[in-house]
Amino acid sequence: MDLEKLKRLQEKLKSRVELKKFSSKVRIVAGCDSSFPGGRTLGVCVNISYPGLEIIEISYALLEMRFPYIPTFLSFRELPSLVQAYRQLKYTPDLILVDGQGIAHPRGLGIASHLGVIVGKPTIGVAKSRLFGDFEMSPGPERGSFVYLKNGKSTIGAVLRTRDNVKPVFVSPGNLIDVDSAVEWVLKLGAGYRLPEPTRIADKISKSLIK
DNA sequence: GCGACAG
DNA sequence: ATCTTGTCGC
């Protein structure tokens, strides 16, 4: 594998990322996540209703693993199965949440942005830990408080508390949405857990599907 | 050279 | 991510 070549591909795709206010009507939100049973990759996409937050449909794809885990190159490992699973969905979601970073990435193209560019839909990255970006202090202890993630002078995401006194998550826009709308929607899609329902359920299904 | 480093 | 049981706390 030629990482320098992949870096150039990421930089090229980054130019197709568009950050804008998100104000579409939302009826369906997809959650995407993957797991690695044996030497393979299991990509899972779940369509959830909004505001009901009920499961509408589930799709998945199991492929041979072609790429190792290398920080900042996560999408080359997880996207093949995720994109295939996404394309098998019967309904097109209005918004997609992905387990990982959006633009909060060294080259501005985390897995949520990469997927967003490929499918041309609004995406949000929700990660359980930090990859890139700086923040002065941690957010307040109560659900809803957050601090912005910065890259120099530009805002690239937020460290958001989704539950009282629980470790915050890292939210960043993937494509066709901005930081504030991303934070707003992650909170709207939450229901008492650290992770928003789309990603939490996708992760849950991904793990139980292995059995 | 050293430290950081999504899942 | 994955390997893995019970256990402390709200």
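All chains are named by letter (A, B, ...) in the order of the sequence lines, taking the proteins before the strands, and each is independently numbered beginning at 1.
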Worksheet item: First and last nucleotide of DNA chain B in contact with chain A, 5' to 3', at under 4.0 Å to a heavy atom: what are they?
Response: dA4(B) to dG7(B)
Fill in: Side chains of E54(A) and S49(A), donor plus acceptor under 3.5 Å
no
Item to complete: For D180(A) and Y148(A), test the side chains for any donor-to-acceptor distance below 3.5 angstrom and give the result as yes or no.
Response: yes
Item to complete: Indicate whether the side chain of S206(A) and that of S35(A) have a donor and an acceptor atom separated by less than 3.5 Å.
Response: yes
Discussion item. Rounded to whole Å, how long is the line connecting atom CG of L82(A) with atom P of dA1(C)?
Written reply: 13 Å
Discussion item. I need the CG-P distance between L74(A) and dT2(C), as an integer number of Å.
Written reply: 13 Å
Worksheet entry | For atom NZ of K207(A) and atom C1' of dA1(C), their distance in whole Å | 8 Å
Worksheet item: What nucleic acid atoms does Y69(A) come within less than 4.0 Å of, heavy atoms only: base, sugar-phosphate, or nothing?
Response: base
Worksheet item: Which string of ( ) [ ] | and . matches DNA chain B, if you list each base 5' to 3' and count Watson-Crick or G-U pairs only when both distances are under 3.5 Å?
Response: .......
Worksheet, complete the sentence: From CG of D203(A) across to P of dA1(C) the rounded distance in Å is 6 Å
Practice prompt. Classify the nucleic acid contact of F73(A) as base, sugar-phosphate or nothing, counting any heavy atom under 4.0 Å across all strands shown.
Written response: base
Discussion item. With salt bridge (charged side-chain N to carboxylate O under 4.0 Å, His left out) as the criterion, how do E11(A) and K14(A) come out once you've worked through the C-alpha distance, each side chain's angles and the decisive distance to 0.1 Å?
Written reply: CA-CA 5 Å; E11(A) 285 156 0; K14(A) 172 193 178 181; over 6 Å; no
Practice prompt. Verify the distance criterion only: is there a donor paired with an acceptor across the side chains of S181(A) and D178(A) at less than 3.5 Å?
Written response: yes
Discussion item. Whole angstroms only, please: what is the CD1-C1' distance between I210(A) and dC3(C)?
Written reply: 12 Å
Discussion item. Less than 3.5 Å apart, any donor N or O on the side chain of R107(A) or T72(A) sitting next to an acceptor on the other?
Written reply: yes
Worksheet entry | For atom CZ of R66(A) and atom P of dA1(C), their distance in whole Å | 22 Å
Worksheet item: In terms of side-chain geometry, is the basic nitrogen of K128(A) or D99(A) positioned less than 4.0 Å from the acidic oxygen of its partner?
Response: yes
Item to complete: Mind checking N165(A) for me? I need base, sugar-phosphate or nothing, with any heavy atom below 4.0 Å counting as a touch.
Response: nothing
Item to complete: For the pair R8(A) and E4(A), evaluate salt bridge (charged side-chain N to carboxylate O under 4.0 Å, His left out) and give the outcome as yes or no after the intermediate values.
Response: CA-CA 6 Å; R8(A) 293 201 296 275; E4(A) 287 308 314; 5.5 Å; no
Worksheet item: Taking the six-membered ring of Y69(A) as reference, does the NZ or CZ atom of R77(A) fall below 6.0 Å from its centre and within a 45° cone about the axis?
Response: no
Discussion item. Please classify the nucleic acid contact of I111(A) as base, sugar-phosphate, or nothing, using heavy-atom distances under 4.0 Å.
Written reply: base
